[in-house]
Amino acid sequence: QVQLVESGGGWVQPGGSLRLSCAASGFTFSAQTMTWDRQAPGKERELVAYITSGGSTYYTESVEGRFTISRDNEKKTVYLQMNSLKPEDTAVYYCTNRLYWGQGTQVNVSS
C-alpha cells in the first residue's frame, strides 16, 4: 500500500522559511523521481520541483533560487526547503511519485 505523508506546512510571514517533509512507503522510493506540486486557491495544480533517483533536480522558474528539494533514501523521505517565501507561495503542497499523491500540507505566507 503506497503512502505519501506530507508535514511541515503552516503560517509564515513574507521572507520567512519552512521545510516540508514527505514520508513515503509502499514502493521502491530510491528508484523513483519524487515531485512537489502545489495548488493555490482558484488555480490549477502546478509542479514546483522534482528530484530524480540520481539526485538531479528541477525547479519551476518562480521558485528557482529560493526552494531546495532533497531526498534521504534511507529514511524514504523527500524534503522541500522553502526560503524567502512570498504571499504567492501560499498553496497546498503535495508530494507525489506521479502515480500517487499525498493529502497535502497547507502553506500560508502573509503578514
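Within the structure, ring-ring contact (aromatic ring centres under 6.0 Å, His included) pairs that include any residue of residues 64-101 do not occur (at least two apart or interchain). The ring-ring contact (aromatic ring centres under 6.0 Å, His included) pairs that include a residue from residues 14-48 number zero, where partners must be two or more places apart or lie in different chains. Pairs engaging residues 19-33 under the side-chain hydrogen bond (donor to acceptor under 3.5 Å, both in side chains) rule: Q32-N97 [sequence neighbours left out].
Heavy-atom neighbours of E74 CD from other residues, nucleotides or ligands within 6.0 Å: at or below the threshold of 12.
Taking the side chain as every heavy atom from C-beta outward, V63 and M82 never approach each other to under 4.5 Å.
Grouping Ile, Leu, Val, Met, Phe, Trp and Tyr residues whose side-chain heavy atoms lie under 4.5 Å apart, directly or via other members, places L47 in a hydrophobic cluster with Y50, Y58.
Heavy atoms only, all atoms of each residue included: M34 and C95 are closest at CE-SG, 3.7 Å. Contact record, Q106 with V92: OE1-CG2, 3.1 Å, taken as the closest heavy-atom pair. Smallest separation of non-hydrogen atoms from L4 and A24: CD2-CB, 3.6 Å.
Side-chain contact annotation: D37 with Q39, donor-acceptor N/O pair under 3.5 Å absent.
Legend: residues meeting side-chain contact (heavy atoms from CB on, under 4.5 Å) with V109, ordered by chain and number and at least two apart, are V12, P14, L85, P87, D89, T90, V107. Contacts of R45 classified as salt bridge (charged side-chain N to carboxylate O under 4.0 Å, His left out), with partners at least two apart in sequence or in another chain: none.
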After noting the C-alpha distance and the side-chain angles of Q103 and E6, does the key distance pass the side chain to side chain contact (heavy atoms under 4.5 Å, CB included) rule? CA-CA 7 Å; Q103 81 289 348; E6 302 97 335; 2.9 Å; yes
